[in-house]
Number of protein chains: 2
Amino acid sequence: MTARKKVVSIEDVARAAGVSITTVSRVINKFPTVKEDNRRKVEEVIRRLNFKPNLAAQRLASGSNYTIGLEIPRYEGIFYSFYAMEVFRSVGIACDNLRVDFLLHLTDGKTSVNAAAVGGVVFADVINNRQHVEDFLKAGTPVVLMNYLAADMDVSSVSVDNAAGAKTAAEHLIHLGHNRIAFVTGDMATQAAQDRLEGYKTALKDAGLAMTEEWVLRGDYSRKSARAAAEKILGMAAARPTAILVSSDDMAMEMVSAFIEGGLKVPEDISIIGFDDDPVCLYGPVALTTVRQPIKEMAQEAVKELYLRMQDPDRQINKIILSTELIIRDSARAPKRSP
Amino acid sequence: MTARKKVVSIEDVARAAGVSITTVSRVINKFPTVKEDNRRKVEEVIRRLNFKPNLAAQRLASGSNYTIGLEIPRYEGIFYSFYAMEVFRSVGIACDNLRVDFLLHLTDGKTSVNAAAVGGVVFADVINNRQHVEDFLKAGTPVVLMNYLAADMDVSSVSVDNAAGAKTAAEHLIHLGHNRIAFVTGDMATQAAQDRLEGYKTALKDAGLAMTEEWVLRGDYSRKSARAAAEKILGMAAARPTAILVSSDDMAMEMVSAFIEGGLKVPEDISIIGFDDDPVCLYGPVALTTVRQPIKEMAQEAVKELYLRMQDPDRQINKIILSTELIIRDSARAPKRSP
DNA sequence: ATGAAAGCGCTAACAG
DNA sequence: CTGTTAGCGCTTTCAT
């Protein structure tokens with residue numbers, strides 16, 4: 001509630017500079033058609049009077065709003081993560097660079113971005129808020145999905161090929177000589193978790209390896225679930241897997257700790273590959289081999305696409321899919337010769 | 001850039017409801033002076049036409065803006081942390097509850113919240129952006145500081161008594177019988193890190209314990225710095241500390257891992273206390289004793305205070321200081337009898 | 001309890 | 001290249 005103070009207006013500037021408000025408006029908006037002389041004069045006055053255009057008035061008059069909304073689920077599982085942090089940071093920086101405002105909305109699936117306050121919205125992951133996407137779409141608000149591919153919706157998106165990423169990682173393990181490979185899922189409410197599982201399955205099938213349901217352990221991205229998975233594996237005395245593909249680095253690190261505490265060596269006794277390329281990978285007992293997903297690029301692309309769409313709502317729909325990258329470090333190697 | 005579409009306006013509603021736009025405005029703003037009959041009629045039309053008041057117009061006409069800006073430094077050290085996550089989440093939820101918009105600005109010290117876009121701003125930590133605080137203050141924009149106490153500025157703030165928190169934790173170690181207590185700092189650019197160090201020093205002095213500079217290890221909240229600190233301590237063969245107070249849980253957990261890998265047992269050989277009450281505490285090899293700081297409460301208070309200040313800019317300045325709480329778990333216990 | 005009318009500060013034709 | 005003028009959609013006196 002900016003109190004009604006005597007704020008300097010465009011009119012004050014015009015008067016002080018000896019030009020019309022239109023000319024002032026032109027220099028504010030960097031129109032090329034202003035005499036260099038006038039421009040300088042106006043800019044000087046603006047600086048001297050510390051004039052700030054009234055945003056509400058600009059938006060009302062122009063009918064435009066360069067505020068970008070980011071709606072992201074706030075469920076604990078996906079929220080307290082390197083991934084979410086990186087999304088905020090990247091979207092924040094992208095907005096900063098484009099000089100647009102960044103309205104953040106953490107949703108529990110019930111409340112949505114304030115439609116009246118934004119010119120467009122990025123949805124990072126779609127979980128229980130698919131309806132919101134449709135609402136915005138129907139209302140004609142520019143929308144871009146991030147880290148979520150909606151094959152059935154007519155909407156631009158920037159996502160990552162999680163299935164391919166997991167497949168590549170699993171293949172890496174297979175090439176190393178593993179044939180007993182377990183998998184720990186993320187929160188299956190997320191599309192990424194589903195796709196990663198699928199990539200794992202594909203790789204095994206392609207290699208002609210048997211897929212044991214027992215070796216697909218349900219995680220939810222939490223360290224707690226990772227520890228539970230590790231304990232389950234430690235309990236498989238008989239034909240224990242020799243390698244594990246884990247759906248996040250955070251979980252992978254927790255499992256590494258649990259294994260070491262349980263008397264196993266990583267990677268000597270068991271290989272582990274994570275997902276995310278969280279910096280945390282680098283500082284544990286072993287540097288973690290992981291699948292990097294380009295969050296920063298994804299955010300940049302999403303914001304850019306949205307920005308363009310705000311300028312041209314009839315722009316063609318783009319479904320961009322970025323690739324992951326396998327980062328090979330020390331936590332996965334060839335299995336010990338079978339006994 | 002919401003395209004100029006034929007959006008339903010207050011006029012459309014008025015016409016359809018057979019009243020004046022003033023009456024419509026009154027029901028939008030919940031004025032009590034509207035005949036029940038009219039109110040119902042208008043509300044029905046609003047619903048039917050799916051009318052959304054134009055925010056820019058409302059703000060321009062009323063001169064008010066209920067958007068809250070959050071400016072937070074984006075340096076990696078403090079950014080990728082449970083703390084920052086919790087700040088976002090808590091501020092986000094607080095805004096959601098108050099039904100105000102939440103504009104996030106991650107600053108590198110150069111760019112600042114868009115003053116024209118917000119009605120007030122919360123500064124979470126002040127590092128290189130103190131000038132921004134002063135600018136907003138000077139401009140008459142309501143401001144509240146969070147997790148930062150500026151004794152010399154005339155501004156409301158909500159902070160945590162970090163010195164007392166660290167002191168209590170150190171005293172806990174002393175009472176357990178430790179007299180060789182080390183300390184790992186956070187990023188000393190933050191006020192919290194400075195205060196925690198001070199609390200540690202005070203506790204030692206009060207207990208008449210010698211303070212060795214060698215036992216104050218510089219960390220920066222990163223796992224990397226924690227590992228370095230742990231290695232330093234592992235190297236102190238002679239009179240190694242028997243307990244360590246660490247300025248964040250994340251660092252503490254990393255040190256626990258490093259110690260275990262180095263052949264020490266926690267807490268048998270060495271006691272550790274962290275800071276934050278990050279959920280990560282619970283799932284490592286030992287549940288971490290820690291100092292909890294009430295981030296959620298801090299955020300709620302900050303947003304509430306700001307909200308009140310936006311309604312009454314001349315409101316009295318409040319400097320709220322919340323307390324920490326020592327959460328005793330398993331990582332700190334009495335030292336083994338001296339050899 | 002309700003409506004008419006005057007702006008809020010700025011942008012965008014349009015005319016010059 | 002510049003100024004005039006008409007709104008943008010809503011809130012807010014001021015009458016009634």
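Lettering follows sequence order; numbering is per chain, from 1. Computed from a prediction, not measured in an experiment: that's the story for all the values here.
- A side-chain contact (heavy atoms from CB on, under 4.5 Å) with B/T67 is found for exactly one of B/V121, B/L103, B/N114, namely B/L103.
- Nearest heavy-atom pair across B/L55 and A/A116 is CB-O, 3.4 Å.
- The closest side-chain donor-acceptor pair between A/D108 and A/Y75, if any, does not fall under 3.5 angstrom.
- One finds no salt bridge joining A/E43 and A/R40 here, because no Lys/Arg side-chain nitrogen approaches an Asp/Glu carboxylate oxygen to under 4.0 Å.
- At a non-hydrogen distance threshold of 4.0 Å, A/V19 from residues 12-19 of chain A come into contact with DNA chain D.
- Here the closest heavy-atom approach between residue B/E71 and residue B/H132 is recorded as OE2-ND1, 2.6 Å.
- One atom, CG of B/D37, and another, P of C/dA1, lie 13 Å apart when rounded to the nearest Å.
- Contact between A/L145 and A/A150 at its shortest, heavy atoms only, is CD2-CB, 3.9 Å.
- In this structure, CG of A/L60 is placed 11 Å from P of C/dT11, rounded to the nearest angstrom.
- Applying the 4.0 Å criterion to OP1 and OP2 of C/dG3, one finds that B/S20 has a side-chain N or O inside that range.
- The aromatic rings of A/F136 and A/F123 sit perpendicular, their planes meeting at an angle over 60°, well past the 30° parallel limit.
- B/H105 and B/T111 are linked by a side-chain donor-acceptor pair at a separation below 3.5 angstrom, with hydrogens and angles left out of the test.
- Among the atoms of the strands shown, base atoms are found under 4.0 Å from some heavy atom of A/T22.
- Between the P atom of C/dG9 and the CD atom of B/Q58 lies a distance of 17 Å, rounded to the nearest Å.
- Rounded to whole Å, atom C1' of D/dT11 lies 14 Å from atom CG of B/L55.
- Using a 4.0 Å cut-off between charged side-chain N and carboxylate O, A/K304 and A/E301 make a salt bridge.
- Between A/P142 and A/G119, the closest heavy-atom pair is CD-O, 3.2 Å.
- Whole-Å rounding puts the A/N54 CG to C/dG9 C1' distance at 6 Å.
- For the segment residues 40-49 of chain A, the set of residues with a heavy atom within less than 4.0 Å of an atom of DNA chain D is empty.
- The distance between atom CD of A/E11 and atom C1' of D/dG3, rounded to the nearest whole Å, is 13 Å.
- Comparing the axis of the opening five pairs of the helix from C/dA1-D/dT16 to C/dG16-D/dC1 with that of the closing five pairs yields an angle of 30°, rounded to 10°.
- Rounded to a whole Å, the CD1 atom of B/I21 is 9 Å from the P atom of C/dA4.
- Contacts of B/S156 classified as side chain to side chain contact (heavy atoms under 4.5 Å, CB included), with partners at least two apart in sequence or in another chain: B/V144, B/E305, B/R309, B/I317, B/N318.
- Within the structure, salt bridge (Lys or Arg N to Asp or Glu O under 4.0 Å) contacts touching residues 139-157 of chain A (residues at least two apart or in different chains) are A/R130-A/D152.
- Of the residues in residues 23-36 of chain A, A/T23, A/R26, A/T33, A/V34, A/K35 come within less than 4.0 Å of DNA chain D through at least one heavy atom, sorted by number.
- Of all heavy-atom pairs between B/V45 and B/A17, the closest is CG2-CB, 3.8 Å.
- Scanning all heavy atoms of the two residues, the minimum distance from A/N65 to A/M310 falls at O-SD, 4.3 Å.
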